[in-house]
*Asks:* 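Once you've had a glance at the structure underneath, I'll fire off some questions.
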Amino acid sequence: MATRSHDIAVSVAPGLRGAFDGRRELTLGVPAAAGIGDVVEALLRLYPRTRALLAGDGGEPGGLYLHVALDAASAQELATGEAGLPTGCRLYVFALSRPPRGGRAAGEG
């Protein structure tokens, strides 16, 4: 029996398009039971330059790191406890700056 799959749309922010071969939008075919982590793993595999944007201890303070957000309707459907991302789901990939070492932004106090 074949595994059901569906397409997930991924919108890429302008500042990250270089890591995604210049693409502003992608469509990934994923198994019906795939979660956000599965999609992120697929993106890292397909676009290896994105690995440099993973949050972690090795990044430079002030450097960019990868964020993934889910559209509101898909997040609400996912919150019902259904397995996998819903059909028609849209993920948004963008980057934020890493906080400075010590975790406080300039001007906080």
Side-chain angles (χ1 to χ4, degrees):
M1 185 167 161
T3 302
R4 290 184 325 131
S5 66
H6 57 266
D7 290 339
I8 300 294
V10 180
S11 294
V12 180
L16 291 180
R17 291 182 187 155
F20 288 90
D21 299 334
R23 309 226 11 219
R24 65 181 284 189
E25 183 127 342
L26 325 162
T27 303
L28 296 176
V30 298
I36 293 173
D38 299 311
V39 174
V40 171
E41 285 181 15
L43 291 173
L44 293 172
R45 193 171 46 254
L46 292 168
Y47 301 95
R49 287 184 283 172
T50 59
R51 289 187 179 279
L53 299 168
L54 291 178
D57 295 336
E60 291 296 316
L64 296 178
Y65 66 103
L66 188 73
H67 278 262
V68 178
L70 191 62
D71 69 278
S74 295
Q76 186 173 7
E77 188 172 332
L78 192 60
T80 66
E82 293 293 320
L85 295 170
T87 301
C89 175
R90 178 172 295 276
L91 293 178
Y92 299 90
V93 180
F94 58 100
L96 296 176
S97 296
R98 293 178 191 276
R101 299 222 190 274
R104 300 192 91 158
E108 285 185 2

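Please read these numbers as outputs of a predicted model, since none were measured by experiment. All values below were derived from every heavy atom in this structure, side-chain atoms included, with hydrogens, water molecules and symmetry-related copies excluded.
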*Asks:* Going by the rule ring-ring contact (aromatic ring centres under 6.0 Å, His included), which residues pair with Tyr92 if we only count those two or more places apart in sequence or in a different chain?
*Replies:* none
*Asks:* I'd like a table of donor-acceptor pairs (distance under 3.5 Å, sequence neighbours excluded) in which one partner is a side-chain atom from residues 6-16, with atom names and distances.
*Replies:*
from: His6; atom 1: NE2; to: Leu85; atom 2: O; distance (Å): 2.9
from: Ser11; atom 1: OG; to: Glu25; atom 2: OE1; distance (Å): 3.4
from: Ser11; atom 1: OG; to: Arg90; atom 2: NH1; distance (Å): 2.8

*Asks:* From Gln76 CD over to Leu70 CG, what is the distance, rounded to the nearest 0.5 angstrom?
*Replies:* 11.0 Å
*Asks:* Give the table of side-chain donor-acceptor pairs shorter than 3.5 Å for residues 38-49, with sequence neighbours excluded, one pair per line with atom names and distance.
*Replies:*
from: Asp38; atom 1: OD2; to: Gly35; atom 2: N; distance (Å): 2.7
from: Tyr47; atom 1: OH; to: Arg23; atom 2: NH1; distance (Å): 3.2
from: Arg49; atom 1: NH1; to: Gly18; atom 2: O; distance (Å): 3.0
from: Arg49; atom 1: NH2; to: Gly18; atom 2: O; distance (Å): 3.0
from: Arg49; atom 1: NH2; to: Asp21; atom 2: OD1; distance (Å): 2.6

